[in-house]
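Naming convention: chains lettered A, B, ... in sequence-line order (proteins, then strands); numbering from 1 in each chain.
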Amino acid sequence: MTLIPLPRDFYARDPVIVARELLGQRLLRETPAGLCGGRIVETEAYLSSRDPACHASRGMNRKNTAMFGPPGHAYVYMIHARWCLNAVTEPEGIPSAILIRAIEPLDGIDLMQERRRTDVLRDLARGPARLCEALVINRAANHCDLTAGRELWIAEDASLNGTPLRTIRSARIGVTSAHRRLLRFYLAGNAFVSGRGQRVLR
DNA sequence: CTACCGATTGACT
DNA sequence: GTCAATCGGTAGA
């Protein structure tokens with residue numbers, strides 16, 4: 001199992017490309033309790049000033065500074081009293097990011113079951129806030145460098161062995177502005193994807 | 001200080 | 001399918 005973090009160049013690109021290519025990669029979390037994580041199966045892109053739904057579309061404020069920083073860092077924010085994890089994309093100064101919406105649990109499943117208080121695999125990390133609870137991601141992870149390979153990082157998933165992935169593009173979930181844009185990506189037929197009955201457009 | 005909001009979730013019909 | 005609890009962050013008084 002290769003756990004080498006994806007390089008910064010991976011993130012310093014068009015968010016739509018990054019969102020799609022993050023599918024099938026391995027999200028990893030190291031805490032004193034041990035290692036846990038899984039395969040990324042669902043993402044959403046938020047496109048800086050050209051996207052009204054992006055938290056940074058109207059400039060910098062106290063909580064969105066991470067999005068203006070270097071690519072490959074974490075942007076963690078709270079919504080409805082729950083935490084959500086993003087990976088910052090594009091060159092520094094362009095505030096775009098990819099919301100990691102769901103993973104398929106693979107590593108440290110017992111740890112995640114304990115934190116989520118359920119044994120149901122499908123409920124461990126299906127949805128951005130469940131994912132953060134399972135991986136103990138909170139304000140302390142904001143600005144974390146995802147290319148450092150410590151605490152929190154994303155690596156190529158060697159267990160896929162080059163298996164071709166079928167990805168589907170749809171509208172983002174829960175977004176109230178710019179809701180018609182197709183900026184959500186997920187793995188076709190994967191049981192660990194959140195939401196239901198999304199319209200399939202490619 | 002208070003009022004309001006939300007890139008959610010889980011419980012419910 | 002619907003709906004409301006959720007609570008920290010922020011803006012504004």
Side-chain angles (χ1 to χ4, degrees), chain A residues 11 14-16 18-20 22-23 27 38 40-69 71 73-90 94-105 112-144 146 152 154 167-187 191-201:
Chain A
Y11 299 96
D14 180 343
V16 171
V18 179
R20 173 172 273 134
L22 276 175
L23 295 178
L27 177 65
I40 297 173
V41 298
E42 181 183 359
T43 60
E44 283 178 3
Y46 289 85
L47 312 180
S48 70
S49 56
R50 55 201 192 275
D51 175 11
C54 177
H55 289 164
S57 64
R58 286 185 294 173
M60 194 185 293
N61 58 42
R62 194 168 269 125
K63 71 174 174 190
N64 69 12
T65 57
M67 271 207 273
F68 289 83
H73 284 232
Y75 164 50
V76 179
Y77 71 94
M78 175 168 272
I79 179 94
H80 292 279
R82 284 129 210 236
W83 298 103
C84 295
L85 169 69
N86 295 249
V88 175
T89 55
E90 295 194 282
I94 305 177
S96 64
I98 310 304
L99 174 66
I100 314 286
R101 286 195 56 91
I103 64 171
E104 176 178 345
M112 297 193 277
Q113 287 171 330
E114 195 178 313
R115 293 158 182 163
R116 290 275 305 131
R117 299 171 298 281
T118 176
D119 290 339
V120 181
L121 234 49
R122 205 171 106 84
D123 290 341
L124 292 185
R126 178 173 44 88
R130 294 183 180 120
L131 182 159
C132 284
E133 187 174 32
L135 302 192
V136 200
I137 293 168
N138 51 46
R139 102 179 56 231
N142 198 22
H143 296 281
C144 175
L146 301 174
L152 184 62
I154 300 172
T167 65
I168 294 174
R169 183 170 184 166
S170 79
R172 293 175 291 191
I173 291 181
V175 170
T176 50
S177 55
H179 52 86
R180 298 188 319 206
R181 302 183 71 167
L182 303 177
L183 294 172
R184 173 172 173 252
F185 302 87
Y186 59 96
L187 292 182
F192 299 91
V193 171
S194 75
R196 330 162 237 246
Q198 288 297 306
R199 197 167 53 118
V200 173
L201 273 243

Position toward the 5' end of DNA chain C (nearest nucleotide), A:Arg139 or A:His80 =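 Nearest-nucleotide comparison on DNA chain C picks A:His80.
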
Round to the nearest Å and state the distance from [X] atom [atom1] to [N] atom [atom2].
{"X": "A:Leu99", "N": "B:dA7", "atom1": "CG", "atom2": "C1'", "value": "6 Å"}
{"X": "A:Met78", "N": "C:dC7", "atom1": "CE", "atom2": "P", "value": "9 Å"}
{"X": "A:Ile79", "N": "B:dC4", "atom1": "CD1", "atom2": "P", "value": "18 Å"}
{"X": "A:Arg181", "N": "B:dA7", "atom1": "CZ", "atom2": "C1'", "value": "14 Å"}
{"X": "A:Arg122", "N": "B:dT9", "atom1": "CZ", "atom2": "P", "value": "13 Å"}
{"X": "A:Tyr77", "N": "B:dC5", "atom1": "OH", "atom2": "P", "value": "18 Å"}
{"X": "A:Tyr75", "N": "B:dA7", "atom1": "OH", "atom2": "P", "value": "10 Å"}
{"X": "A:Trp83", "N": "C:dC7", "atom1": "CH2", "atom2": "P", "value": "13 Å"}

Dot-bracket notation for DNA chain C is requested: 5' to 3', Watson-Crick or G-U wobble pairs only, both distances under 3.5 Å, with ( ), [ ], | and . as defined.
-> |||||.||||||.

Give a yes/no answer on whether the side chain of A:Arg58 brings an N or O atom under 4.0 Å of OP1 or OP2 in C:dT10.
->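 No, outside the criterion.
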
Is it true that A:Glu133 and A:Arg116 make a salt bridge, defined as a side-chain N closer than 4.0 Å to a carboxylate O?
->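 Answer for the salt bridge query: yes.
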
Should A:Glu42 and A:Arg130 count as an ion pair when the cut-off is N to O under 4.0 Å?
->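 Looking at A:Arg130 together with A:Glu42, the answer is no, because their closest N to O distance does not fall below 4.0 Å.
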
Kindly write out the residues that satisfy ring-ring contact (aromatic ring centres under 6.0 Å, His included) with A:Phe68, not counting sequence neighbours, or none if the list is empty.
->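 So A:Phe68 forms no ring-ring contact (aromatic ring centres under 6.0 Å, His included) with any residue.
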
Look at all strands and tell whether A:Ala129 reaches a base, only sugar-phosphate, or nothing, counting heavy atoms closer than 4.0 Å.
->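 The residue A:Ala129 makes sugar-phosphate contact but no base contact.
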
Is there a side-chain contact between A:Leu135 and A:Leu27, using heavy atoms and a 4.5 Å cut-off?
->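 With C-beta onward as the side chain, the pair touches.
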
Just wondering, do A:Leu47 and A:Cys54 contact through their side chains at under 4.5 Å, heavy atoms?
->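 No. Closest side-chain heavy atoms not under 4.5 Å.
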
Check the pair A:Leu131, A:Arg101 against side chain to side chain contact (heavy atoms under 4.5 Å, CB included), reporting the backbone distance first and the verdict last.
-> CA-CA 7 Å; A:Leu131 182 159; A:Arg101 286 195 56 91; over 6 Å; no

Candidate list A:Pro15, A:Pro71, A:Pro95, test side-chain contact (heavy atoms from CB on, under 4.5 Å), partner A:Glu90, passing option |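 Of all the options given, the one that passes is A:Pro15.
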
What closest approach, in Å, do A:Tyr11 and A:Val88 show between heavy atoms, and which atom pair accounts for it?
->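 The pair with the smallest heavy-atom distance is CB-O, 3.6 Å.
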
Are A:Thr167 and A:Arg169 linked by a side-chain donor-acceptor pair shorter than 3.5 Å?
->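 Their side chains do not contain a donor-acceptor pair, so the 3.5 Å distance test is not met.
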
Could you work out which one of C:dA5, B:dA7, B:dT9 sits closest to the side chain of A:Pro128?
->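 Nearest nucleotide to the side chain: B:dT9.
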
Closest to side chain of A:Arg82, choosing from C:dT6, B:dT9, B:dA7 |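 Selected nucleotide (nearest to the side chain): B:dT9.
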
Looking at DNA chain C, which of residues 60-68 of chain A put a heavy atom within less than 4.0 Å of it?
->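 Output list: A:Arg62, A:Lys63.
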
